[in-house]
Structures are given as structure tokens and as C-alpha cells.
Amino acid sequence: MSEYNYAVIEKKWQKYWLDHKTFKTPDHVEGKKKFYCLDMFPYPSGAGLHVGHPEGYTATDILCRYKRMKGFNVLHPMGWDAFGLPAEQYAVETGTHPAVTTKKNVDRFREQIRALGFSYDWDREVNTTDPGYYKWTQWIFEKLYEKGLAYVAEVPVNWCPALGTVLANEEVIDGRSERGNHPVIRRPMRQWMLKITAYAERLLEGLEHLDWPEGIKEMQRNWIGKSTGAEVDFKMKFTMGGGAGAPELPSVVTVYTTRCDTLFGATYMVMSPEHPFIARWLEEGLLANAEEVKEYRRKAASKSDLERTELNKDKTGVKLEGVTGVNPVNGVELPIFISDYVLASYGTGAIMAVPAHDDRDWAFAKKFGLPIIEVVRRAGDVESLPLQAAFTDCATGTMVNSGFITGLSVEDAKAKMIAWLEEKGVGHAKTQYKLRDWLFSRQRYWGEPFPVIHMADGSTKLVPAEDLPLTLPELADYKPTGTGEPPLAKAAEWVNYTDPKTGEKGVRETNTMPQWAGSCWYYLRYIDPHNDAAFADPAKLKEWLPVDLYVGGAEHAVLHLLYSRFWHKVLFDLGLVPTDEPFQRLVNQGMILGMAYKTSRGVLVPMDKITWREGKPYGAEDGGEEELLTEFPAKMSKSLKNVINPDDVIRDYGADSLRLYEMFMGPLQAVKPWSTKGVEGVFRFLKRVNKLVTETPIADRPLTKAEAKVLNATVKKVGEDLESLNFNTAISAMMVFLNEFPATTGGSGAPEPLPREAVEKFVLCLAPFAPHLGEELWQFLGHAGTLAYEPFPAYDPAALVEDEVEIPVQVLGKLRGRVTVPATADAAAMRAAAEANPDVARFLAGKTIVKVVCVPKKMVNFVVRP
RNA sequence: GCUGGAGUGGCGUAAUGGCAGCCGCAGCGGACUUAAAAUCCGCUGGCCGUAAGGCCGUACGGGUUCGAGUCCCGUCUCCAGCACCA
């Protein structure tokens, strides 16, 4: 064997691993530590794998192969997050059942993933659309329901009139549908909600102890959005009647504020248009400008989210005529507005406005000509200047014009104000979260059915656990109903329910669960994937949890990871999992970009419209002159035609080259552009490795000192870099070995025999990265079977000890020469050797040596004066 | 605007506060070949110089240090996420 025939080698070993179940993971091995390494499982789309998928998967695979060689019992599974919209939409268009599409896509994904030589335990494969799997998704939902964490509510959803369906937030982009670009409005509908807000504080606190990227933790913190402040009661004064005959008339508006220190600066109040009091006041005829108010409320309701936020930095609102609010700190009567810059869903849906110290209130006050009272001033500023903008710096502010808190710092003023409010019974400290309850239902077919029956008497009944899974009914067509009613409503037989014992009638819930449901707990099912009696055996969960390393894209930074943590904590509280958090360590792989080309005017030119001359790209925008194009990295996209297909790379260079290149490109976490030339580089490396091992004679002889040094340095570096996930530098170290080692073994002419020890250790180092070639060379070296469980080579520190070192010599910090000294040389010897060097002496001549810095084995630096 | 991350050769990148640019790509020169591909060897940050060598150089401006790509302060640019959350 001399040719590097990757196609043959890779097929051969993939078959071997599969046939021998090489990577089957025992539930427990006495004396072996466990290592649970998880990949974010993919949605098996019709387009197949792209080069982004293998990036994280390769990194975890290399680490898992390494950990096995280090004696760990490694759990490394793969599965499919297969519910979801694309299969359903394909079903709508073609009538093909989503299960059929899903199976086809899964088969293709599995085949592609196997072609990359990943060491998954395929006996643990899971699929969220498998009834045996979603039985337990439904079961966990029932636990949530029983715990009072699942409830039904009328909430506004993203309704797309043109598509006749409800959309998930992620399917709405800038207020329009991702598919078709139709407008989306908010419309209240009956929905299932999960009470994730009950866990807000624990989800926040739990982040402290996790080894996750700081950015991801921060994003989750922001999403949870904890703020501390106060609720303050404002009494209402009505000029039209005052509510005689309506004793329950709401006459105290509670506002939420984080700046109760600024209460003396409040000059008006704002309520959200949806605030329930407004409707009551309108009913009671307390608002003089009722028509105007109603009109504003109507307009606000019909606005899309986009119109209410981004386009609408320009404030709008209507003053309520006939009602004012009394500021509890000073008795001042404040006008009240409704405006959609106040959100109904946060805090109390009403605010006190302090335009001098809040940017939004400032903008509103300026537009409506409202008074602005300064109550916080930068410490040291004496004169009251006309404010140019809201002053919002709490750190440097001191209270002014504020009665009993004048002169205090902002922090002290808040504390004193809260104490005062509580004493007077008009307010209290309050913690708020931005996090909302999780909208958990979708008006879709291809999702988990809710195991819920709405009985005729109005009660809600769960499908008994022993009757789960509740499977999806067959449908003739999957089209949306157009009314917002889910497609399952069409399955009349399935929907109508009669209790087998009592004969009572009911209807089944026709919403389905969102795609997040199945991915919330899949890492638990891998631990015990075929268990019929429980989602997983508690003893096995105890063995394997938590996940030691979770690798995936940053796009799941918030939702998936937050939802998963929520479910996990609920299961923990029920005593069903042994840990409080699911994923101990998280790493995000960076996106792989493609190359894109643009003209001098910045017009993008797709790959297939580019002419290459002498390696340079030429192209033209429509109707323009051809010109030399500028190359830059950009997201791979169909429109730019720069998508790289892993199948093509494997065909041309092999899976080992693809794996090696994806890791060699740069740090795992970094965003980096794809380069086909770069693949050729690592391909050449593998060819040279193959040639060296198979074509050079190998002898059983001890290593020379020089050989031992190169070998041990490589083994050390590769091992350490694997532990720290620095795959790129580990590969670089192996390339250095290949460049240097043969040179150490002999002179010119006929190849010197290589020492067997060095070759074998090098092959074992390479094997986790390029497992097919690794196995093949291991076999060539005379070993039977797989190297997957061979011990990873240890290095000998003694071999790395140097007798002599070459050290730099600086004069005033500038490099002037190099000297070779014994590694044991002391400062005096180093200095003497340095001064003797002619290049150094030249710069010392005629100067006074003030100080000499000598760092043993590192460097010498002379500090001199003229 | 807020939060997180990043700025180093033509390109991807590498450097426990101690020789900036390892490794790879591209480029140049050479060997082999009728020729090409493949392969192998050498050179390759910029400027000055025949050379020895010198000067400059890690986004920009300061600072700490014998010594800064690395630490501190400030500025700019790029990427990602969030964004009327009171």
C-alpha cells in the first residue's frame, strides 16, 4: 500500500465500526469515569448536511475518540429534531405525509453523518417524531400540567391573514411572515402557556455555576431581564361624576418604576392602551374624549409589532380628559395619557413619567409640550442649566428639588423612598422580570398532540399515562383551516372523545406542541433510549448526568437552552433527575462562511456568474462592464451560489481531510471563511503521513535523543491541545512533527528506517482527528482490530529537557544578538556570554550598564545609559 | 443605544509579560519530466543597503514595565445578539 486511497479506506472502516459496534456505550463500566459529550441534534432538512454541521460534530468526535483512549466510558449519541414546519409545508403542497418526508430526510442525514466517520453509538439514536419518543414528551407535559405550570390563556399571537395561520416568533421577521413576506398582526387566541416565569429567579441564579461562554450567559440574563424597583399607587381624581354607583370602580393606578427616587420629578402618567382600567372608565362615561380614546385603542390594536416598536420611535398618545392622578409624595395632580410606548405586558402596564431623567419620557414630553422638572443633578453641578436631554446617570447623580430626599445619592434616595412608601402604605419594593410565560401551542399538524381532553362539562382531563402516546391522526390534507383553527380539528373521529367508563363526552385539544418541546429533554432519552416504563432509568440518569460538554451553534443561545434548563429544573424538583442543571459546559462553534464577490459599486455577483482569469475573479453587474471583483467572506446562501456541500468535499479529498480542515481553519469558537485550497493543504499532509508510514522501512530500535525530543514534544502538545479544545494548534503540531521528525533520523540519500515507537505513537495521536487513516495505518503496522481503545500515548518529560538553550540578548529592549548557553547557566554566566557576543558588544561599547535583567533559559536584557 | 466578542503578512492563523508571524494557503525560484500534473527542495512582513547590517511594524492615541500583540486608560472599526422592559 502506498497510494492514499481514502475512498476505499474510509468505506472499509466505517463498515468495520458499524459491524463491530465499536462505539456501543455500556451503561456503566466499573472503574471507568464517564464522559457525556452532546451535539445539538439537527433538524433533518431536505437540503442535507452543509459544512456547518460537521464543524461541531467533528470537534466533539475528536474529543470523544481521545477520551476513550484516555480510559473514559464515553456517551456520544446522535438523533433527530424532526418535527417542524418544512415537512408540513411540503405536505400541504404535495400531499406527502410529513412522516414520509421526515424518514427520507433522516435517512439521508444519517448516511451523510456516517460518511464523516463519527463515533456515535447508533443504538441510542432518537427521533422526536417517533411515538415511542413523544410518548414521554407528552408525559413530561402532563407533569408540568399537574404541577400547575401549564395553563390555557387568551393571548395575542402572530396572526398572518394572508397565510391564514398563526406564526411562531421566529417565523416573523420585521413584522412580516418569513414565508411570503405577508403582514403579521397581533390577535388574541386561546393558547397553552408554560409558566417559565415561576423559575425566572432560579434560571438566572443557576447561570452562576455553569461553565458557559460569558456572552451566552449574558444573553440569558438579559432575556430574563431582572430589575429591582418599586410599585407606587396613584389615586385617581375624576371630574365627570367620580364613579357614584360603581363602588368597584378602579380608582388607584399602580405604576412600576426602577427610579422611585425621581417621584418628585413626575409630571404626567402614561397607561398602555390595553390597560383594563381604560375600558372600565369608558364604560362608566368618565372620559370626556371617549371617541378619541377609543380610536387610539383601535389603532394600537391593529398595529403590527414592527409598527409599535422600530418604526415608531416617534411617540404618539392621547390625553385622558376627565381623570388625573395624584402624586403620593407631594399631592400634585398629574395628567394621564395612553400611549403605546408603554407595554401592557410589562410591570403594571402603567408608568409615572419623569421626562428629566428618562429618554422615552423626554421624547414624549417634548412632543406634547409637557413640563420637565429636574430632580437629579450631576454631583458638583450647582447651576440649574436648561436640560438638553434626559439626565440618566445614576452613579454621579445627586437629588435636588425632592423634599425629604434632597441631597442624597440616587442609591440612598431609592432606599429612603421605598421605606417612606411602605410606611405610608402607598407603595413597596418590587422585582420585575422581562421573561414572559412560554407560548407553548402551535396551530400545526406536525408536532406532538397535547394529551388533553376538554370535557363537555368544562373540565379538563389528561390522557391517562398508560394510554400514551396519543398519536397523530391521519389527515386527508394538511392545509391551514384559514380561521386559525389547527389542522387537527379536521380529524373529526380523533377529536371527539367519549370516556370509556362514564360515557361523558369531550373534545381533544387540537393544538400541537412547538418544535422546542422534543429538544427540551432529548439528552435525557439518549441515556436510556428504549425504556418503555420511564423516560429514563433513574440509576442510569445518576450515572450519566450532567452532560459534560455540549457543543452547538450560538443561534440557540437563549430559547432552546433556556427552555431545556426550565424543564430540567422542573424534573429536578419532581425528583426525576439528579442534577439541577443539564449542561455543565457549553461551547459554541463559530459559523463557517463562504466567499462572496462584489463589484466596485458593491453589487454582489453570484459564483456562477464569475469568470476566472489567471486565478482572479471577473464579473459584471446586470448590464454593466466586466471588472475585477473584490472577494470577501459572507454567509453561505443559495442566492450567492457559494454553498459548500460536504459530499463533494468527501468525494474529492475524503472525510478525514474534511474533518482535519474544519478543525485546522482556526479556533472552534471563531467565525471563519471556507477555502477549498485549505482543504488541499491538509489533504497533502495526510498523503505525506500515509507515504511516510507505509513506504519508509520501520525498525524496532530505541529513539535517538533528537528523535525522542521531537516525538515527546508532539505527544505533549497534541494531548494538551485536545484537553483545551485547541484542535487547530494540535494539527499544526502534527504537521511540525512530519516536517521535523524524518530529518532527525538520518542524513541524505536512502531513507533511514524509522523507529517503530515513534511511528505508532504518532499514528495514535493522529487517529482521533483522521480516524480512518489512523485505523488503516495501525493495521498496516501489524495490529489487529481497532485502535479506538488503545491508550493515548504518554510523553516523557525527561526527553524534553534541554542541555543548551539559545537565548535572545536585548539592549534597551531591542534584540541585538543571540547566544547559546547551558540550560543551567546562572545570571553571571548568561551575562558573560551575552557581553562576549560581538553584535551585542557593539551596542554596549561606550555605554554605562545600569542594570542587567537575566531570566534563566529565556533572555538577557541590558539597560544602559550613554 | 445596550450587551458580548474581535482587529497581527496578500489570505486563514500562532505566540505562560521575554526572539512577532509557528503551521497552512497563495506567490516566487529550483529539481524531476519531452511536457504538464503530482511530488520534492529553497525563499517569502515593509523600507534602506551589493553585503554585513540597520530602521519601521500586531487598528489608533496615551500609560505601566528592564521588556507589551499580551496588562491599564481613552478612541475608532468590524461581527453577533438584544432593543420603547419604566
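Basis for what follows: all heavy atoms, side chains included, without hydrogens, waters or symmetry-related copies. Note on naming: letters A, B, ... go to the chains in the order of the sequence lines (proteins, then strands), and numbering restarts at 1 for each one.
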From the list [options], which nucleotide is the closest neighbour of the side chain of [X]?
X        : options                : answer
A:Thr729 : B:rG18, B:rA86, B:rA15 : B:rA15
A:Pro667 : B:rU13, B:rG54, B:rA15 : B:rU13
A:Glu218 : B:rU3, B:rU13, B:rC82  : B:rU3
A:Val853 : B:rC66, B:rC56, B:rA86 : B:rC66
A:Lys687 : B:rC66, B:rG53, B:rU39 : B:rU39
A:Pro673 : B:rG53, B:rC66, B:rG12 : B:rG12
A:Val855 : B:rC66, B:rG18, B:rC84 : B:rG18

Exercise. Tell me, please, which residues at least two apart from A:Asp358 pass side chain to side chain contact (heavy atoms under 4.5 Å, CB included).
Key: A:Arg360, A:Asp361
Practice problem: Please measure how far the P atom in B:rA14 lies from the corresponding atom in B:rG24, and state the result in whole Å. | Solution: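 Their P atoms lie roughly 15 Å apart.
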Quiz item: Name the stems with RNA chain B in them: runs of three or more consecutive Watson-Crick or G-U pairs, distances under 3.5 Å?
Solution: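 Listed by first number, the stems are B:1-7 with B:76-82, B:10-12 with B:23-25, B:27-31 with B:39-43, B:45-48 with B:53-56, B:59-63 with B:71-75.
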Quiz prompt | Whole-Å distance separating the CD atom of A:Glu723 from the C1' atom of B:rU16 | solution = 18 Å
Exercise. Find the distance A:Lys814:NZ to B:rA68:P and express it as a whole number of Å.
Key: 10 Å
Quiz item: Syn or anti for B:rG10, with syn set at within 90° of 0?
Solution: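 Anti conformation for B:rG10.
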Exercise. Assign a letter to each nucleotide of nucleotides 23-29 of chain B from its 5' end: B, base within under 4.0 Å of a protein heavy atom; S, sugar-phosphate only; -, no contact.
Key: BSSS---
